[in-house]
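Reviewing the structure listed below.
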Amino acid sequence: GQFVSALVHEVNQPLAAIGNYAGAGRRLLGTGQAAGAGVALQKIAEQTERAHQIIQRLRNFVKKTDSEQRPESVPAMIQEAVTLARMSLRQDQVTIDIRLDPAAAEVVADRVQIQQVLFNLLRNATEAMATSKRQEITITAACDSAGTIAIGVADTGPGLSPEIRANLFRPFVTTKQGGMGVGLSICRSIIETHGGRLWAEDNRRRCVLGIGFRSGKAPRNRQHERHR
């Protein structure tokens, strides 16, 4: 039951992207733009592979097998998740500010799983700000003296009520109309398999969802960029 719901929830994202690209491809072919249609077909292939990877990771997770964890770049995983969110959510009015501590450079992780978690957090943040005049997401990554990297995704939505915050990561608890309430539950389970934790807090009227896990070894370089 829960696995099937989680599978539908997670795979729906690349399938929706495939549908969008297929429609765009048809329109481009109809106007004789073969090159543009070729790009759409390439994107369809990429999203098909992504759906396959998500299914495999979820299957491995349910079977309690080891995920494919290796040293991964924190800036690269965040940037790829932001790019995917931009492409899938199409919310141009949302500003995303990325602030990275140079010490938070690398973690030992399953890249596909962490990207999926970050994508879900970005999607939730975007949806939470749907009625907000100010629509800003701030992504932070910092490393403390114990070597724990914390990645935060903060939005300018209305925040969380105490009742919702207390049950946020329980399966089938959702604030969305038509939502299944399994996304954050699966995200927390994925982070826990990495030896980390996923939490939520309200900070200066900003809802913050944080990921904390052990760092790996990587070169240090400062990145701070603003996306629109």
Side-chain angles (χ1 to χ4, degrees), residues 9-28 33 35-54 57 72-101 104-105 107 109-141 151-158 176 179 183-184 186-187 190-191 198 200 206-211 221-228:
H9 179 81
E10 300 300 330
V11 175
N12 184 60
Q13 295 159 11
L15 290 183
I18 288 170
N20 290 336
Y21 283 127
R26 282 197 303 269
R27 290 192 296 272
L28 289 167
Q33 300 180 59
V39 172
L41 287 173
Q42 178 60 36
K43 294 296 185 181
I44 289 173
E46 292 173 0
Q47 290 302 309
T48 301
E49 176 60 24
R50 179 167 172 254
H52 170 75
Q53 291 178 342
I54 292 169
R57 296 295 189 275
E72 297 286 356
S73 165
V74 171
M77 288 193 296
I78 289 175
Q79 185 58 63
E80 288 168 7
V82 168
T83 300
L84 180 60
R86 283 288 189 212
M87 177 188 70
S88 301
L89 301 176
R90 298 184 177 181
Q91 296 292 330
D92 294 336
Q93 70 272 26
V94 175
T95 297
I96 300 179
D97 190 15
I98 302 177
R99 302 180 180 182
L100 305 182
D101 181 341
V107 294
D110 183 306
R111 181 179 61 84
V112 171
Q113 288 185 348
I114 299 304
Q115 284 178 349
Q116 193 67 20
V117 169
L118 290 171
F119 176 87
N120 283 342
L121 299 188
L122 289 168
R123 181 193 58 202
N124 287 349
T126 300
E127 292 173 351
M129 299 185 298
T131 60
S132 299
K133 292 182 179 179
R134 209 171 123 239
Q135 299 189 12
E136 298 178 1
I137 296 174
T138 302
I139 304 174
T140 58
I151 300 174
V153 178
D155 65 65
T156 54
K176 303 175 187 176
L184 286 177
I186 291 295
C187 287
I190 288 173
I191 296 303
L198 179 63
R206 296 169 73 92
C207 175
V208 182
L209 282 163
I211 306 169
N221 56 347
R222 166 70 67 180
Q223 293 195 19
H224 182 187
E225 50 189 303
R226 195 169 185 85
H227 298 257
R228 290 192 181 276

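Nothing here was measured: the structure is a model prediction, and the numbers come from that model. We number each residue from 1, following the sequence as shown.
- One distance of note links CD of E72 with CG of D110; it measures 8.0 Å at 0.5 Å rounding.
- Under the side-chain contact (heavy atoms from CB on, under 4.5 Å) criterion, A24 pairs with R27, sequence neighbours left out.
- Side-chain atoms of V94 and R86, non-hydrogen and from C-beta on, do get closer than 4.5 Å to each other.
- Closest of all the heavy-atom pairs between L28 and A37 is CD1-N, 3.6 Å.
- When all heavy atoms of I114 and A109 are compared, the pair lying nearest together is CG1-CB, 3.7 Å.
- Partners of E46 under the salt bridge (Lys or Arg N to Asp or Glu O under 4.0 Å) rule, at least two apart in sequence or in another chain, are K43.
- Here L15 contributes atom CG and N20 contributes atom CG; the two are 11.0 Å apart, rounded to the nearest 0.5 Å.
- Among all heavy-atom pairs drawn from A85 and F119, the shortest one is CA-CE1, 3.6 Å.
- Between T140 and D97, the closest side-chain pair of non-hydrogen atoms is not below 4.5 Å.
- Applying side chain to side chain contact (heavy atoms under 4.5 Å, CB included) to V82 and the options L118, I98, I137 leaves one that passes, I98.
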| request: Show the numbers, then the answer: is there a side chain to side chain contact (heavy atoms under 4.5 Å, CB included) between T138 and R99? | output: CA-CA 7 Å; T138 302; R99 302 180 180 182; 4.2 Å; yes
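- With I78 as the partner, the side chain to side chain contact (heavy atoms under 4.5 Å, CB included) test is satisfied by one option alone out of L122, I139, T83: I139.
- Among all heavy-atom pairs drawn from A125 and V153, the shortest one is CB-CG1, 4.4 Å.
- Here the closest non-hydrogen pair linking V74 and A104 is CB-O, 3.5 Å.
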| said: For L84 and Q47: C-alpha separation, side-chain torsions, deciding distance, then whether side chain to side chain contact (heavy atoms under 4.5 Å, CB included) applies. | reply: CA-CA 10 Å; L84 180 60; Q47 290 302 309; 4.0 Å; yes
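- I151 has its side chain out of reach of M77: every pair of non-hydrogen atoms, C-beta onward, lies at least 4.5 Å apart.
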| task | Before giving the answer on side chain to side chain contact (heavy atoms under 4.5 Å, CB included), spell out for Q135 and T126 the whole-Å C-alpha distance, their side-chain angles and the decisive distance to 0.1 Å. | result | CA-CA 8 Å; Q135 299 189 12; T126 300; 5.9 Å; no
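- Summarising the geometry, atom CG belonging to N120 is positioned 8.0 Å from atom CD1 belonging to I190; distances are rounded to the nearest 0.5 Å.
- Considering all non-hydrogen atoms of both residues, T156 and E136 come closest at OG1-N, 3.1 Å.
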